[in-house]
Amino acid sequence: MNRPMRRKDRLVSDFDEMVSITSRARQIIIGMVDDGQPYLVPLDFGYKVHDGILSFYCHSASQGRKIDLMKKNPHISFVLPHSFRIGLGNVPVMWTNAFESVMGEADVVFLEDFDEKLEATQLLMDRYDMGKIPESVYRTLNHMECYRMDVTSMTGKSNLTRQQRDNWGFVESLQRKINDPTVLLSTIRKDLEALGNPDSEEPESK
């Protein structure tokens, strides 16, 4: 049974805002139950929205504890945490974390079709700016488990305004690009120009 959030001033209920927070989370943590005991696993993930439903995509070895648990009970919980920095406030003992998160529940669907596995893998590659799927992966897909997690309910929470989240998210994305030797200088320059021109198209934050 879902309980209402105590700090309603930090509630994020807009679907698009929760998807935006999802785009900035680096990992998803999924929760399962193993013989009455909680079991949590952090995973890399891809995602997409289709027909108003947010879905996460993951892959792993075909055997293991989490695979066994999800096949036994495909209903899981999840959290997408993201922290910008610690130190909001003027007095150190009153400092807090600049945070945003999305949590909820989802149903796991194991993908059997080869094309669906390809799509799931490419979404993962896109999520972490890794380009196209290597040829070597094509030969291993049939020996891997690829699965989709369709969100059935979710709630967001943040102690920042939407504008702060968007602005800080862009700065984080820009910092990653600056530190990545594979990103062209022209790409970084374009993002900086867009930041200084509010009428231009907003750069994509990954």
Side-chain angles (χ1 to χ4, degrees), residues 1-5 8 10-33 38-62 64 66-83 99-130 132-133 137 141-142 144-158 160 162 165-166 169-170 172-173 201-206:
M1 182 177 180
N2 293 328
R3 293 177 56 178
M5 188 177 297
K8 290 183 172 55
R10 296 183 176 180
L11 174 67
V12 179
S13 57
D14 181 79
F15 181 82
D16 290 337
E17 284 195 61
M18 288 188 281
V19 172
S20 179
I21 294 173
T22 297
S23 74
R24 291 187 286 273
R26 303 309 292 169
Q27 285 191 314
I28 184 172
I29 301 171
I30 63 171
M32 298 155 281
V33 177
Y39 180 61
L40 304 176
V41 180
L43 298 169
D44 295 333
F45 72 101
Y47 73 93
K48 77 171 184 178
V49 176
H50 180 68
D51 290 338
I53 297 175
L54 174 62
S55 298
F56 309 117
Y57 292 80
C58 301
H59 69 73
S60 63
S62 59
K66 70 176 178 295
I67 296 297
D68 292 341
L69 292 177
M70 288 191 296
K71 287 186 174 181
K72 183 178 180 181
N73 180 3
H75 193 66
I76 57 101
S77 59
F78 70 88
V79 61
L80 297 153
H82 182 228
S83 297
F99 71 86
E100 59 183 2
S101 64
V102 173
M103 63 187 303
E105 300 177 7
D107 291 327
V108 178
V109 178
F110 286 91
L111 306 178
E112 304 294 339
D113 182 77
F114 186 78
D115 289 339
E116 288 184 324
K117 288 186 174 185
L118 277 179
E119 179 189 23
T121 304
Q122 188 59 64
L123 285 168
L124 271 161
M125 300 287 287
D126 293 343
R127 180 75 184 85
Y128 299 100
D129 301 319
M130 297 175 66
K132 297 298 182 182
I133 302 173
V137 174
L141 274 179
N142 286 329
M144 298 165 54
E145 287 287 4
C146 294
Y147 42 96
R148 185 183 77 238
M149 294 176 279
D150 297 328
V151 174
T152 57
S153 65
M154 63 178 176
T155 303
K157 186 176 183 180
S158 176
L160 302 171
R162 182 172 184 171
R165 291 197 296 272
D166 290 343
F170 168 70
E172 276 196 342
S173 176
E201 183 177 349
E202 182 179 349
E204 181 180 358
S205 298
K206 292 185 178 181

Please evaluate residues Val33 and Asn73 with respect to the criterion side-chain contact (heavy atoms from CB on, under 4.5 Å), reporting the C-alpha separation (whole Å), side-chain torsions for both, the decisive distance (0.1 Å), and the verdict.
CA-CA 8 Å; Val33 177; Asn73 180 3; 5.6 Å; no
The single option from His59, Lys66, Lys71 that satisfies side-chain hydrogen bond (donor to acceptor under 3.5 Å, both in side chains) with Glu145 is Lys71
Return yes if some donor-acceptor pair links the side-chain N/O of Tyr47 with the main-chain N/O of Leu124 below 3.5 Å, else return no. no
Between the OG atom in Ser13 and the NZ atom in Lys157, the distance rounded to the nearest 0.5 Å is 14.0 Å
Nearest heavy-atom approach of Val12 to Met18 is O-SD, 3.6 Å
Closest non-hydrogen contact found for Leu141 with Cys146 is CD2-SG, 4.2 Å
Distance col, row Ser62:OG vs Met144:CE, nearest 0.5 angstrom, shows 9.5 Å
Checklist entry - Is the shortest heavy-atom distance from the side chain of Leu80 to the side chain of Ile21 under 4.5 Å? => result no
Applying ring pair (Phe, Tyr, Trp, His ring centres under 6.0 Å) to Phe110 and not counting sequence neighbours gives Tyr147
Residues at least two apart in sequence or cross-chain that pass side chain to side chain contact (heavy atoms under 4.5 Å, CB included) with Lys48, listed by chain then number, are His50, Tyr57, Glu119, Leu123
Residues Met149 and Cys58: closest non-hydrogen pair is CE-SG, 3.4 Å
Rounding to 0.5 Å, atoms CD1 (Ile76) and CE (Met32) come to a distance of 7.5 Å
Residue set satisfying salt bridge (charged side-chain N to carboxylate O under 4.0 Å, His left out) with Asp107, at least two apart, ordered chain then number -> none
| said: Walk me through whether Arg127 and Arg26 qualify under side-chain contact (heavy atoms from CB on, under 4.5 Å). | reply: CA-CA 9 Å; Arg127 180 75 184 85; Arg26 303 309 292 169; 3.7 Å; yes
dist Glu112:CD -> Asn142:CG (nearest 0.5 Å) comes out at 10.0 Å
CG (Leu43) and CZ (Phe78) are apart, to the nearest 0.5 Å, by 13.0 Å
Below 4.5 Å, heavy atoms only, C-beta onward: do Met70 and Ile67 meet side chain to side chain? yes
Are more than 12 heavy atoms from other residues, nucleotides or ligands located less than 6.0 Å from atom CE of Met125?
yes
What one should report as the nearest heavy-atom pair of Ser23 and Ser20 is OG-O, 2.5 Å
Task: Donor-acceptor contact present, side-chain Thr121 to main-chain Lys117, <3.5 Å - done: yes
Nearest heavy-atom contact between Ala106 and Val151 is CB-CA, 3.9 Å
So CD1 of Ile29 and OG of Ser77: to nearest 0.5 Å the spacing works out to 10.5 Å
For the residue pair His75 and Glu105, establish whether any side-chain heavy-atom pair is separated by less than 4.5 Å. yes
